[in-house]
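Notes for the one structure printed next.
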Amino acid sequence: MPVSVRAPGFDLALSLASGQFFRWSRQEDGSFAVVRGPVLFRVRQTGDLLRAEGVDEALLREFFALDQDLRPALRALRRDERLRPALDACRGLRILRQDPWECVAAFITSIASNIPRITRNVADIAAATGRPLQLGGLKAYAFPRPGEMPEEAALREMKLGFRAAYLARAARLAASGLLEDVAHLPYDEAKRALMVLPGVAEKVADCVLLFAYGRLNAFPVDTWIRKTTLRLFFPRRRMSDRRLRAFAAERWGGYAGYAQQVLYHWSRSAPAPASPALVRA
DNA sequence: GGCCAGGTCCAAT
DNA sequence: ATTGGACATGGC
């Protein structure tokens, strides 16, 4: 049965395409096919209305975090003039709430990779091991649970490269309920708990806390954020990732993660600043 | 063809 | 605590 949910100020396409989530595809009719855990659904946005089939209203609200009021975050972040261009470029962006294990797996896969390749790797793993899902004419595969993951050798055949060993070992550890505990822990402890997993250090742990557990304070520092944040706030200076995270926490507090995501998307979509060579010419 | 990609791990300062 | 190199693969 189709469900309709009001989602004022939400941009579905932007939120899906902003690099936080890899299990979606745009259909010819303009709707989006989404796989979230064991659920394949179709969703489209018309104005403030979200219409979906294959999913109940509760999961739709949960996944798109529709019950989370972002206005306090946006109000606070907009006071930062240097963040405004990025915020303006990302109106309607929401941080999704992914399945924790899939998010861990996707961001282990993301190490020194890129979005098209991550998307392909994750789809390959699902197609090789996951249960088939169907919705009308739509077909997809669920991503395997930790206990169902392929062995390292199989992951290597899927071109996961050196990430294969991390992922296979992380799956074994995650099979024992570690990820359920994380939900109840305060940020620092939750992060330490995640970092027990091979392939999960500061950056991946922050991605998981932000994109799966809704911790809007988590500030993942990747190469793009490093470059963009330094350019905006500390031109001609170098800084460790640790200090960068401390800076973000102090400047943006509990909303640093939202700032991170708009900076990430904005820096990748905006034209790069002219290089010195071009300026000279 | 070398450099870099939503890094992590390990060893050596 | 910080730093350098190895680690697979692919795109430009």
Side-chain angles (χ1 to χ4, degrees), chain A residues 14-24 86 89-90 93 95-96 98 100 102-125 128 150-174 191-213 215-216 218-232 237-248 256-272 275 277:
Chain A
L14 171 63
S15 300
L16 288 174
S18 62
Q20 53 178 315
F21 179 64
F22 309 96
R23 301 278 283 154
W24 61 276
C90 296
L93 175 66
I95 307 293
L96 308 181
Q98 304 181 34
E102 293 194 24
C103 193
V104 167
F107 281 95
I108 288 177
T109 300
S110 82
I111 297 172
S113 186
N114 55 74
I115 291 173
R117 186 179 173 195
I118 301 161
T119 304
R120 194 176 68 237
N121 287 155
V122 170
D124 285 348
I125 295 170
E151 299 295 326
E152 176 185 342
L155 292 170
R156 280 189 183 272
E157 285 179 27
M158 296 176 212
K159 304 304 180 187
L160 270 283
F162 61 82
R163 306 161 195 82
Y166 295 156
L167 192 48
R169 290 166 51 210
R172 254 168 258 138
L173 279 177
K191 190 165 175 178
R192 292 309 146 212
L194 287 171
M195 288 172 60
V196 165
L197 299 171
V200 180
E202 301 272 358
K203 190 271 178 182
V204 171
D206 276 327
C207 283
V208 173
L209 288 169
L210 182 59
F211 300 138
Y213 292 97
R215 308 293 178 95
L216 286 192
F219 189 82
V221 177
D222 70 354
T223 67
W224 290 88
I225 288 301
R226 199 175 295 126
K227 271 185 287 216
T228 303
T229 311
L230 289 181
R231 179 167 65 78
L232 278 180
R237 193 151 166 268
R238 53 180 265 109
M239 205 182 292
S240 69
D241 291 353
R242 170 176 293 284
R243 288 187 178 283
L244 222 43
R245 282 189 297 271
F247 165 77
Y258 193 89
Q260 183 275 163
Q261 194 55 16
V262 299
L263 284 171
Y264 177 78
H265 186 260
W266 174 73
S267 67
R268 288 168 45 87
S269 52
S275 73

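None of these values were measured; they are calculated from a predicted model. Values below: every heavy atom of this structure, side chains too, minus hydrogens, waters and symmetry copies. Throughout, a chain's letter reflects where its sequence line sits, starting with A, and its residues are numbered from 1.
- With sequence neighbours excluded, no residue forms a side chain to side chain contact (heavy atoms under 4.5 Å, CB included) with A:Ala201.
- Only A:Arg156, A:Lys159, A:Gly161, A:Phe162, listed by number, bring a heavy atom of residues 151-162 of chain A to less than 4.0 angstrom from any atom of DNA chain C.
- You can see that DNA chain C meets the heavy atoms of chain A within a 4.0 Å-exclusive cut from C:dT2 to C:dG10, reading 5' to 3'.
- Between A:Glu152 and A:Arg169 no salt bridge is recorded (no basic side-chain N to carboxylate O distance below 4.0 Å).
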N/O-N/O pairs, protein side and nucleotides 10-13 of chain B side, under 3.5 Å:
none

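- Although no hydrogens or angles enter the test, the distance criterion places a donor-acceptor pair under 3.5 Å between the side chain of A:Gln261 and the main chain of A:Ser18.
- At the heavy-atom level, A:Gly199 lies under 4.0 Å from the strands shown only through sugar-phosphate atoms.
- At a threshold of 4.5 Å between non-hydrogen side-chain atoms, the residues A:Asp222 and A:Ile225 count as touching.
- Across residues 112-122 of chain A, A:Ala112, A:Ser113, A:Asn114, A:Ile115 each have a non-hydrogen atom less than 4.0 Å from an atom of DNA chain B (numbered order).
- Residue A:Val221 is out of contact with every strand shown, counting any heavy-atom pair closer than 4.0 Å.
- The ring pair (Phe, Tyr, Trp, His ring centres under 6.0 Å) test applied to A:Phe22 returns A:Phe107, not counting sequence neighbours.
- Residues passing the salt bridge (charged side-chain N to carboxylate O under 4.0 Å, His left out) test with A:Arg226 are A:Asp241, sequence neighbours excluded.
- For the pair A:Met195 CE and B:dT8 P, the interatomic distance rounds to 8 Å; values are reported in whole Å.
- With a 4.5 Å cut-off on side-chain heavy atoms, A:Val221 and A:Arg245 count as touching.
- More than 12 heavy atoms of other residues, nucleotides or ligands shown are found within 6.0 angstrom of CZ on A:Arg268.
- Separating the CG atom of A:Leu197 from the C1' atom of B:dG7 is a distance of 15 Å, rounded to the nearest angstrom.
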Between N or O atoms, less than 3.5 Å apart, protein on one side and nucleotides 2-4 of chain B on the other: list the pairs.
none

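- Under the 3.5 Å distance criterion, the side-chain polar atoms of A:Trp266 are left unmatched by any main-chain donor or acceptor of A:Ala89.
- The 5' end of DNA chain B is approached more closely, in terms of each residue's nearest nucleotide, by A:Asp222 than by the other of A:Pro198 and A:Asp222.
- Residues passing the ring pair (Phe, Tyr, Trp, His ring centres under 6.0 Å) test with A:Tyr258: none are found, sequence neighbours excluded.
- For A:Arg215, there are no salt bridge (charged side-chain N to carboxylate O under 4.0 Å, His left out) partners two or more places apart in sequence or in a different chain.
- Comparing the same atom, P, in B:dC4 and in C:dG4 gives a spacing of 15 Å after rounding to whole Å.
- Not a single salt bridge (charged side-chain N to carboxylate O under 4.0 Å, His left out) links A:Lys203 to another residue, sequence neighbours left out.
- Looking only at distances, a side-chain donor or acceptor of A:Gln20 sits under 3.5 Å from a matching main-chain atom of A:Leu96.
- In this structure, CD1 of A:Ile111 is placed 12 Å from C1' of B:dA5, rounded to the nearest angstrom.
- The main-chain N or O of A:Ala112 is found under 3.5 Å from a side-chain atom of A:Arg163 such that the two form a donor-acceptor pair.
- With sequence neighbours excluded, no residue satisfies salt bridge (charged side-chain N to carboxylate O under 4.0 Å, His left out) with A:Arg117.
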In sequence, state the C-alpha distance, the side-chain angles, and the governing distance for A:Phe247 and A:Thr229, and then conclude on side chain to side chain contact (heavy atoms under 4.5 Å, CB included).
CA-CA 10 Å; A:Phe247 165 77; A:Thr229 311; 4.0 Å; yes

